[in-house]
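Report on one structure; see the data block that follows.
For ligands, and for the atoms within them, numbers begin at 1 and follow the listed sequence. Remember, it's a predicted structure, so these values are computed and weren't measured experimentally.
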Amino acid sequence: MSITFYYSARSNADRILASLEELGVPYEKVSVDLRAGAQKKPEFLALNPNGMVPTIVIDGQPMFESVAIQIALGERYGVAKGLWPALGSAEHLQALTWLVWGQVTLGTSVMRYMQNTSEFFPKELQHAGQAEAALKSIHAQLGILEARLSTQAFLTGDRFTLADLDVVAVLGWAIHAGKIDISAYPKLGAWIGTVSQRPAMRAGMSAT
Ligand SMILES: N[C@@H](CCC(=O)N[C@@H](CS)C(=O)NCC(=O)O)C(=O)O
């Protein structure tokens with residue numbers, strides 16, 4: 001097994017770093033200096049034509065898009081470690097569902113909210129109405145998570161999987177950078193607390 005992981009701290013790559021740590025697989029971490037534009041150099045674009053992190057090379061094969069990487073890591077290394085459900089199980093379908101939901105549905109609302117409120121995005125492009133609509137979507141989606149976590153401990157059932165890790169990472173960004181108030185969702189809050197305490201999650205979120 002050979003894994004080379006192209007990474008930058010405080011980026012979408014943090015979620016992948018947390019998964020690699022959780023899986024305990026050996027990997028080489030290559031820091032990509034986004035500010036210096038290292039991601040747009042020809043040798044990096046040969047791996048990922050988008051010029052973005054995360055990018056990973058598994059057994060000589062480059063791949064990109066964080067959700068695809070999470071699924072590949074889960075399926076290759078997670079099943080044996082109990083961190084990803086086996087193909088063919090009901091839980092496998094749930095893991096795919098919630099992992100993708102976290103990035104596509106919840107993640108899009110969070111990104112829209114951030115783009116219209118955060119100091120990291122241009123003020124002149126921000127729109128109060130867009131922010132309000134995005135916040136409404138986020139709260140609808142938090143309600144969906146609260147309902148799910150009211151009947152089971154984790155997204156796929158009674159076991160932690162990489163899907164939990166991934167969705168909690170999105171929520172961490174929403175709560176800390178976006179200042180989204182989750183006090184109305186006690187089950188959600190408890191689940192975020194449990195997942196955030198995992199050593200791999202802490203490593204992934206505090207890496208430099
Ligand atoms: N959809 C991609 C998004 C990746 C992405 O936005 N990466 C950012 C960091 S969070 C990046 O590398 N930006 C550098 C650039 O755009 O030049 C994924 O989920 O992997």
Side-chain angles (χ1 to χ4, degrees), residues 3-23 25 27-58 61-78 84 95-122 125-126 130 134 137-138 141 155 161-180 195-196 200-208:
I3 300 178
T4 308
F5 173 48
Y6 295 85
Y7 166 86
S8 176
R10 308 285 166 273
S11 78
N12 259 316
D14 288 342
R15 295 167 21 248
I16 306 300
L17 180 65
S19 287
L20 287 165
E21 289 293 316
E22 190 73 58
L23 291 162
V25 290
Y27 65 95
E28 183 197 353
K29 188 167 97 178
V30 179
S31 181
V32 180
D33 188 345
L34 298 183
R35 281 172 195 243
Q39 74 279 21
K40 304 298 182 202
K41 294 221 162 112
E43 58 272 26
F44 190 84
L45 292 174
L47 302 175
N48 180 349
N50 300 285
M52 288 183 172
V53 293
T55 295
I56 200 164
V57 180
I58 303 177
Q61 292 298 318
M63 69 179 295
F64 50 87
E65 284 302 330
S66 53
V67 176
I69 296 171
Q70 292 289 39
I71 294 169
L73 292 176
E75 300 200 329
R76 282 196 177 207
Y77 313 112
W84 189 256
L96 291 177
T97 297
W98 289 98
L99 175 70
V100 173
W101 180 88
Q103 292 302 318
V104 175
T105 302
L106 176 64
T108 299
S109 301
V110 172
M111 178 56 97
R112 187 170 163 213
Y113 183 71
M114 298 298 281
Q115 284 171 335
N116 285 285
T117 57
S118 164
E119 56 183 343
F120 298 113
F121 292 91
L125 297 181
Q126 295 184 343
Q130 288 281 355
S137 298
I138 291 170
Q141 289 147 6
L155 291 175
T161 68
L162 299 183
D164 295 287
L165 177 159
D166 205 81
V167 178
V168 166
V170 178
L171 288 168
W173 189 49
I175 294 164
H176 297 297
K179 312 225 174 340
I180 301 291
V195 174
S196 304
M201 193 73 180
R202 294 162 73 120
M205 296 306 138
S206 62
T208 52

Task: Closest protein heavy atom (residue, atom, distance) for atom 19 (O) of ligand 1 - done: S66 OG, 2.6 Å
Task: Atom indices of ligand 1, in the order listed, that fall short of 4.0 Å to a heavy atom of N12 - done: 3 (C), 4 (C), 5 (C), 6 (O), 10 (S), 19 (O)
Task: OH-CG distance between Y6 and N48, expressed to the nearest 0.5 angstrom - done: 11.0 Å
Open item on the list: Students should be able to answer this: which protein heavy-atom is nearest to atom 12 (O) of ligand 1, and at what distance?
Closed with: V53 N, 2.9 Å
Task: Side-chain H-bond candidate by donor/acceptor type, E21 with Y27, under 3.5 Å - done: yes
- [ ] Mind checking whether Q103 contacts ligand 1 via backbone (N, CA, C, O), side chain (CB onward), both or neither, at a 4.0 Å heavy-atom cut-off?
- [x] neither
Task: Passing candidate, side-chain contact (heavy atoms from CB on, under 4.5 Å) with F64, options I56, N50, L47, V53 - done: N50
Task: Separation between CE of M111 and CG of L106, rounded to the nearest 0.5 Å - done: 12.0 Å
- [ ] For atom 2 (C) of ligand 1, find the nearest protein heavy atom and state the residue, atom name and distance (0.1 Å precision).
- [x] E65 OE1, 3.3 Å
Task: Heteroatom proximity flag, S11 to ligand 1, N/O under 3.5 Å - done: no
- [ ] Report yes or no: does D166 contribute a side-chain atom to a donor-acceptor pair with the main-chain N or O of A163 at less than 3.5 Å?
- [x] no
Task: Enumerated ligand 1 atoms positioned under 4.0 Å from heavy atoms of Q39 - done: 14 (C), 15 (C), 17 (O)
Open item on the list: Between Q141 and S109, is there a side-chain donor-acceptor contact under 3.5 Å, judged purely by atom types and distance?
Closed with: yes
TODO: For atom 5 (C) of ligand 1, state which one of R15, K40, M52 supplies the nearest heavy atom.
DONE: M52
